[in-house]
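No hydrogens, no waters, no symmetry mates; every other heavy atom, side chains included, goes into these values.
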Amino acid sequence: MLAKGQTVIQLFEQLAPKHYAMPDDKIGLQLGTLQKDIRKVLVALDVTDAVVEEAIREGADLIIAHHAIIYRPLGHLQTDTPAGRLYEKLIKHDIAVYIAHTNLDVAEGGINDMMAEALGLTELTPLEDIHTEKLQKLVVFVPETHHPQVLEALFAAGAGHIGQYSHCSFNISGTGTFRPQEGASPYIGQAGQTERVAEVRVETIVPERLQRKVVQAMLKAHPYEEVAYDLYPMDLKGRVFGLGRAGKLPGPMSLRELVALAKTAFDVPAVRVVGDLERPVRKAAVLGGSGGRYMRHALFAGADVLVTGDIDYHTAHDALAAGIALIDVGHNVEKIMKRGVADYLAAALAKTGTQVVASAVDTEPFQFA
């Protein structure tokens, strides 16, 4: 059975939720409809004419891309312009386009984590905090007979995480009372009679983004017809998500050796480098796309080198003066997201008939002569 477009995007947004995006970022469905079955998803960095032709050949109904095709409000839609022809071709072939930009940069497992993993970085921290996860406390009253099952269901759905600890909860035994009214179908007791039941008060932590999933799992595992539970907002903050990553390299190496590693890891033929190629580097920062303005963030994070794209002349001089090395791998380094997102979605959609492929089109506009 094919997955609906809405289902595909719901699964994708578990990786890169919209609320991770920077303000005014152009994300989400930009063209077409998700109200249809999806035979094939094409994951691309850019939506160019060549990528659209590839989607047509592949029989794709949906393109998930990193860079937007509509940046500003359209004053017209003339099909004799390059952009107009692109939109016309997508509409004629019923291909929807969904964009995930800075939300995919920020996401755990997103572009910046993919880049960090490619270089073997460990002990990662964001370069700039963008989103702090809100937490809630869930309190539910469970009969002792079903306490283990409900607790396990809560943890399996994502509840109970505090920092580096999982399966966190507090449990208090007590007595619950209730009187089923006429028409009720109680798991315990009879209508019109007050019951006293040995119950456990379970308290645990729930990330706000997982509230619905956790509550549904709890209700499914709970035996009662009417479940008594509460959700409270908490001052305790959850995980921090942000742009870029800083982390330790696999071992001490020279800047020259890191350059060679970056060229291989990111499949780029050449890079621009700022700094002494023989200097030792132990900690690196990465940021997909144009990361020049995050040079100071990388320096503050203790990085010896920043690996990013689109470094300008003046930022290069500032880096030399500040003592931090730069490796400009080009904006197109974000192509790493094609395989990463395609693999994630293929696994998420494994039980459906919907296929996912990574675009094979090279959208790098520069040539190295």
Side-chain angles (χ1 to χ4, degrees), residues 15-16 20 22 66 102-133 161-166 237-268 271-311 315 318-319 322-337 339-341 343-344:
L15 168 67
Y20 286 1
M22 300 286 281
H66 187 50
T102 51
N103 51 324
L104 187 58
D105 292 325
V106 168
E108 192 172 89
I111 288 179
N112 289 299
D113 279 334
M114 293 175 196
M115 290 180 64
E117 182 180 0
L119 294 180
L121 302 187
T122 57
E123 300 180 29
L124 302 180
T125 55
L127 290 185
E128 181 183 40
D129 296 349
I130 300 298
H131 174 77
T132 300
E133 190 171 53
H161 286 266
I162 303 177
Q164 299 301 312
Y165 295 84
S166 66
K237 302 301 181 185
R239 292 181 299 171
V240 175
F241 300 88
L243 286 172
R245 299 291 185 269
K248 291 184 178 179
L249 286 159
M253 62 180 71
S254 68
L255 180 59
R256 185 185 302 277
E257 290 171 322
L258 180 58
V259 165
L261 174 60
K263 288 166 67 176
T264 300
F266 301 132
D267 187 27
V268 292
V271 300
R272 297 191 301 163
V273 187
V274 176
D276 180 358
L277 287 169
E278 305 310 322
R279 69 172 287 181
V281 289
R282 295 177 176 81
K283 187 172 185 179
V286 296
L287 196 149
S290 301
R293 74 182 187 90
Y294 287 91
M295 184 268 290
R296 296 289 179 189
H297 294 73
L299 193 64
F300 183 76
D304 302 304
V305 56
L306 170 63
V307 182
T308 187
D310 299 342
I311 299 297
T315 298
D318 290 342
I324 185 171
L326 302 175
I327 301 177
D328 187 339
V329 289
H331 200 120
N332 193 254
V333 70
E334 293 178 313
K335 66 187 179 185
I336 197 170
M337 59 78 62
R339 175 51 53 196
V341 170
D343 288 346
Y344 167 84

To the nearest 0.5 angstrom, please state how far the [atom1] atom of [X] sits from the [atom2] atom of [Y].
X: T308; Y: R293; atom1: OG1; atom2: CZ; answer: 11.0 Å
X: D105; Y: M22; atom1: CG; atom2: CE; answer: 9.5 Å
X: M253; Y: L258; atom1: CE; atom2: CG; answer: 6.0 Å
X: D276; Y: R256; atom1: CG; atom2: CZ; answer: 8.5 Å
X: R245; Y: M115; atom1: CZ; atom2: CE; answer: 11.0 Å
X: L243; Y: N112; atom1: CG; atom2: CG; answer: 6.5 Å

- Query: What is the minimum heavy-atom distance between A246 and A301, and which atoms define it?
  - Reply: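 Nearest pair, atom of A246 first, then A301: CB-CB, 3.9 Å.
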- Closest heavy-atom contact between A319 and M295?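 Between these two residues, the closest heavy atoms are N-CE, 3.8 Å.
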- Pair K335-D267, side chain to side chain contact (heavy atoms under 4.5 Å, CB included): steps then yes or no: CA-CA 9 Å; K335 66 187 179 185; D267 187 27; 3.9 Å; yes
- Query: Heavy-atom count around E257 CD within 6.0 Å, excluding the residue itself: above 12?
  - Reply: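 Yes, because the 6.0 Å sphere around CD of E257 holds more than 12 heavy atoms from other groups.
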- Near K283 NZ, under 6.0 Å, is it more than 12 heavy atoms from other residues, nucleotides or ligands?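 Yes, the 6.0 Å shell around NZ holds more than 12 heavy atoms from other groups.
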- Item | Verdict with supporting geometry, L261 and L119, side chain to side chain contact (heavy atoms under 4.5 Å, CB included) | CA-CA 7 Å; L261 174 60; L119 294 180; 4.0 Å; yes
- Message: List the residues meeting side-chain contact (heavy atoms from CB on, under 4.5 Å) with E108, not counting sequence neighbours, and say none if there are none.
- Response: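 Applying side-chain contact (heavy atoms from CB on, under 4.5 Å) to E108 gives D113, R239, F241.
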- Task: Just do the side chain to side chain contact (heavy atoms under 4.5 Å, CB included) check on M114 and V341 with the steps written out, would you?
- Result: CA-CA 10 Å; M114 293 175 196; V341 170; 4.3 Å; yes
Which pairs would a plain distance check flag for residues 120-130, meaning a side-chain donor or acceptor within less than 3.5 Å of a matching protein atom at least two apart in sequence or in another chain?
residue	atom	partner	partner atom	Å
E128	OE1	Y294	OH	2.9

- Message: Using modelled atom types and a 3.5 Å cut-off, is there a donor and acceptor pairing between side-chain atoms of N103 and backbone atoms of A16?
- Response: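 At least one qualifying donor-acceptor pair exists.
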- Task: Would you indicate whether the side-chain heavy atoms of V271 and F266 approach each other to under 4.5 Å?
- Result: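 No - every pair of side-chain heavy atoms lies 4.5 Å or more apart.
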Cut-off 3.5 Å, no hydrogens considered: what does the side-chain donor-acceptor table look like for residues 324-331, sequence neighbours left out?
residue	atom	partner	partner atom	Å
D328	OD1	D310	N	3.2
D328	OD1	G330	N	2.9
D328	OD2	R272	NE	3.4
D328	OD2	R272	NH2	2.7
D328	OD2	D310	N	3.4
D328	OD2	I311	N	2.9
H331	ND1	S290	OG	3.2
H331	ND1	D310	OD2	2.7
H331	NE2	H67	NE2	3.4
H331	NE2	E334	OE1	3.2

